[in-house]
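We number each residue from 1, following the sequence as shown.
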Amino acid sequence: MRAIVRRWAALLAAAALVACSPQTAARPQSGTGPALWRLADADSEVWLLGTVHVLPADLQWKSPAITAAFARADTIWFETPTDADAGARIAAIVARDGVNPPGVTLSSLLAPEDRDALRRVAGALDVPMAGLERVRPWLAALQLSLALMARQGRAAESGVEHVLEADAAAAGKARAYFETAEEQMAIFSTLSPAAQAQFLRATLRQIEEEARAPSSMETLWATGDVAGLTRVAQAQIDETGPETAEALVYARNARWAARIDAIMAGEGRAFVAVGAAHLVGPKGLPALLRAQGYVVEGP
């Protein structure tokens with residue numbers, strides 16, 4: 001579930017759980033850039049951009065189409081704030097909801113094969129097991145994912161949201177958010193124990209797979225390959241199990257589609273930037289909006 005996990009790993013970075021990696025020199029991006037969708041009526045326009053929340057500093061992803069759509073927008077919509085205040089609130093939530101009760105270890109909550117995978121991944125990423133043993137499975141998955149991204153040279157500061165937040169502030173554009181930091185973190189903390197264990201199991205397997213063969217999702221996203229991105233993202237979402245997929249992806253998509261419907265009922269131009277996995281597949285935002293009767297232009 002690499003595409004989804006990156007969002008919360010970026011939030012953990014905002015809460016200063018680990019250091020971000022250094023920046024490197026820019027390199028050109030291939031293809032025409034990430035995919036964009038558009039819906040409009042007589043007095044409203046909404047652009048949809050799927051994002052990657054943690055990126056290498058040298059990846060150039062801003063296409064002329066993205067730049068033009070962003071410039072036209074009055075309001076820029078994101079999933080949730082990622083400023084210092086949000087980071088402080090997330091840190092408090094993690095301390096309250098992410099830690100096991102006294103006497104309970106992470107290993108005790110896992111099947112033997114998952115404990116073995118946990119030790120392998122933690123060792124490969126130089127994440128101390130002593131710290132992991134204190135946290136719940138959902139938080140362990142995020143911490144290990146963030147450690148992998150730091151190892152790979154990815155940083156929250158290079159992610160799409162961080163860049164667009166700064167651009168919006170510089171341009172004096174209004175910013176809006178679909179969720180609060182508390183609402184996002186509660187998605188994880190309220191998962192059942194079985195769902196948390198499956199989420200961690202999927203994360204461990206995907207980390208080990210990525211170590212053998214780096215994920216193609218970043219390239220699929222950067223080059224606008226929606227079909228390829230849909231195939232890979234859907235497989236990763238399915239692996240987390242129905243409860244987690246519903247909580248992390250599908251239920252949120254439905255809420256956001258309702259909010260976009262309300263935006264369209266008013267007037268003005270909005271640019272929506274949310275995780276790329278939320279825009280693909282039969283339950284993605286474009287599909288949901290088309291089912292509501294909107295003509296959604298795009299790939």
- Point-to-point distance, once rounded to the nearest 0.5 Å, from CD of Glu45 to CZ of Arg72: 4.0 Å
- Task: Measure the CG-CG distance between Leu200 and Leu142 for me, rounded to the nearest 0.5 Å.
- Result: 10.0 Å
- Query: What are the two closest heavy atoms between Val135 and Asn100, and how far apart are they?
  - Reply: O-ND2, 2.8 Å
- Check: Thr244 side chain, Gly241 main-chain N or O, donor-acceptor pair, under 3.5 Å: no
- How are the rings of Phe70 and Phe271 set to each other: parallel, tilted or perpendicular (split at 30° and 60°)? perpendicular
- Message: Using every non-hydrogen atom in the two residues, find where Arg119 and Ser107 come nearest and quote the distance to one decimal.
- Response: NH2-OG, 4.1 Å
- Cluster overlap Tyr177 with Trp47, hydrophobic side-chain contacts below 4.5 Å: yes
- Pair Asp167 + Lys173: basic N to acidic O under 4.0 Å: no
- Message: Set out, in order, the CA-CA distance, both residues' side-chain angles and the distance that settles side chain to side chain contact (heavy atoms under 4.5 Å, CB included) for Trp221 and Val226, then state yes or no.
- Response: CA-CA 7 Å; Trp221 168 78; Val226 175; over 6 Å; no
- Query: What is the minimum heavy-atom distance between Gly266 and Asp43, and which atoms define it?
  - Reply: O-OD1, 3.3 Å
- Item | No-hydrogen, no-angle side-chain donor-acceptor test under 3.5 Å, Thr80 and Glu183 | no
- Is there a side chain to side chain contact (heavy atoms under 4.5 Å, CB included) between Glu208 and Leu204 once you walk through the steps? CA-CA 6 Å; Glu208 291 197 298; Leu204 293 170; 5.6 Å; no
- Query: Can Arg115 and Ser108 be said to form a side chain to side chain contact (heavy atoms under 4.5 Å, CB included), step by step?
  - Reply: CA-CA 8 Å; Arg115 290 198 294 269; Ser108 71; over 6 Å; no
- Message: Does this structure show an ion pair linking Arg120 with Asp116, if we count only N-O contacts that are shorter than 4.0 Å?
- Response: no
- Determine, for Asp114 against Arg201, whether the closest basic-nitrogen to carboxylate-oxygen distance falls under 4.0 angstrom. yes
- Task: For residues Ala257 and Leu285, report the shortest heavy-atom separation together with the two atoms involved.
- Result: N-CD2, 3.6 Å
- Closest heavy-atom contact between Thr75 and Ala176? CG2-CB, 4.0 Å
- Does Leu132 share a hydrophobic cluster with Val99, counting links as ILVMFWY side-chain heavy atoms below 4.5 Å and allowing steps through other members? no
- Measuring from Asn253:CG to Leu289:CG, what's the distance to the nearest 0.5 Å? 9.5 Å
- Query: Looking only at heavy atoms, what is the nearest atom pair of Ser63 and Gly33, with distance?
  - Reply: CB-CA, 4.2 Å
- Query: Looking only at atom types and distance, does a side-chain atom of Asp97 sit under 3.5 Å from a main-chain N or O of Ser189, one as donor and one as acceptor?
  - Reply: no
- Does some side-chain heavy atom of Leu49 sit less than 4.5 Å from a side-chain heavy atom of Leu279? no
- Message: Measuring from atom CD of Glu218 to atom CG of Leu229, what distance do you get when rounded to the nearest 0.5 angstrom?
- Response: 11.5 Å
- Query: If two hydrophobic side chains count as joined below 4.5 Å and joins carry through other members, does Leu110 share a cluster with Leu144?
  - Reply: yes
- Under a 4.5 Å cut-off applied to non-hydrogen side-chain atoms, are Leu139 and Phe188 in contact? no
- Could you tell me whether the side chain of Met264 reaches within less than 4.5 Å of the side chain of Leu39, counting heavy atoms only? yes
- Task: Give a yes or no on whether the backbone of Arg269 and the side-chain of Asp74 come within a donor-acceptor separation of less than 3.5 Å.
- Result: yes
- Message: If you apply the rule side chain to side chain contact (heavy atoms under 4.5 Å, CB included), what do you find for Thr51 with Val274, and how did you get there?
- Response: CA-CA 6 Å; Thr51 67; Val274 296; 5.5 Å; no
- Can you find a pair of side-chain heavy atoms, one from Ser44 and one from Ile263, that are under 4.5 Å apart? no
- Message: Donor-acceptor check, side chain of Arg134 to backbone of Thr105, threshold 3.5 angstrom: yes or no?
- Response: no
- What is the distance from atom CG of Leu191 to atom CD of Glu246, rounded to the nearest 0.5 Å? 11.5 Å
- Query: So, the side chain of Arg151 versus the backbone of Ala124: is there a donor-acceptor pair under 3.5 Å, distance only?
  - Reply: yes
- Message: Tell me if a side-chain donor or acceptor on Ser145 pairs with a main-chain N or O of Ala141 at a distance below 3.5 Å.
- Response: yes
- Query: If we only count heavy atoms from C-beta on, is the Val127 to Gln143 side-chain gap below 4.5 Å?
  - Reply: no
- Taking the side chain as every heavy atom from C-beta outward, state whether Ile260 and Leu48 have any pair of such atoms under 4.5 Å apart. yes
- Message: When you measure from the side chain of Glu133 to the backbone of Leu106, do you find a donor-acceptor pair of N or O atoms at a distance under 3.5 Å?
- Response: yes
- Task: Consider only side-chain heavy atoms of I, L, V, M, F, W and Y, link residues closer than 4.5 Å, and tell whether Leu118 and Val104 are in one cluster.
- Result: no
- Cluster link Leu59 to Val163, ILVMFWY, side chain under 4.5 Å: yes
- Message: I'd like to check Leu55 versus Trp61 (side-chain heavy atoms, cut-off strictly below 4.5 Å). Are they in contact?
- Response: yes
- Item | ring pair (Phe, Tyr, Trp, His ring centres under 6.0 Å) contacts touching residues 227-263 (sequence neighbours left out) | Phe178-Trp256, Trp256-His278
- Got a donor-acceptor contact below 3.5 angstrom from the Arg290 side chain to the Val296 backbone? yes
- Hey, are Glu179 and Arg252 close enough for a salt bridge, meaning a charged N less than 4.0 Å from a carboxylate O? yes
- Could you verify whether a donor N or O on one side chain and an acceptor N or O on the other, from Thr240 and Gln198, lie under 3.5 Å apart? no
- Query: To the nearest 0.5 Å, what is the distance between CG (Leu248) and CD (Glu243)?
  - Reply: 10.0 Å
- Check: Asp41/Tyr294 side-chain N/O donor and acceptor closer than 3.5 Å: no
- Message: In the structure I gave you, are the side-chain heavy atoms of Pro137 and Phe199 within less than 4.5 Å of one another anywhere?
- Response: no
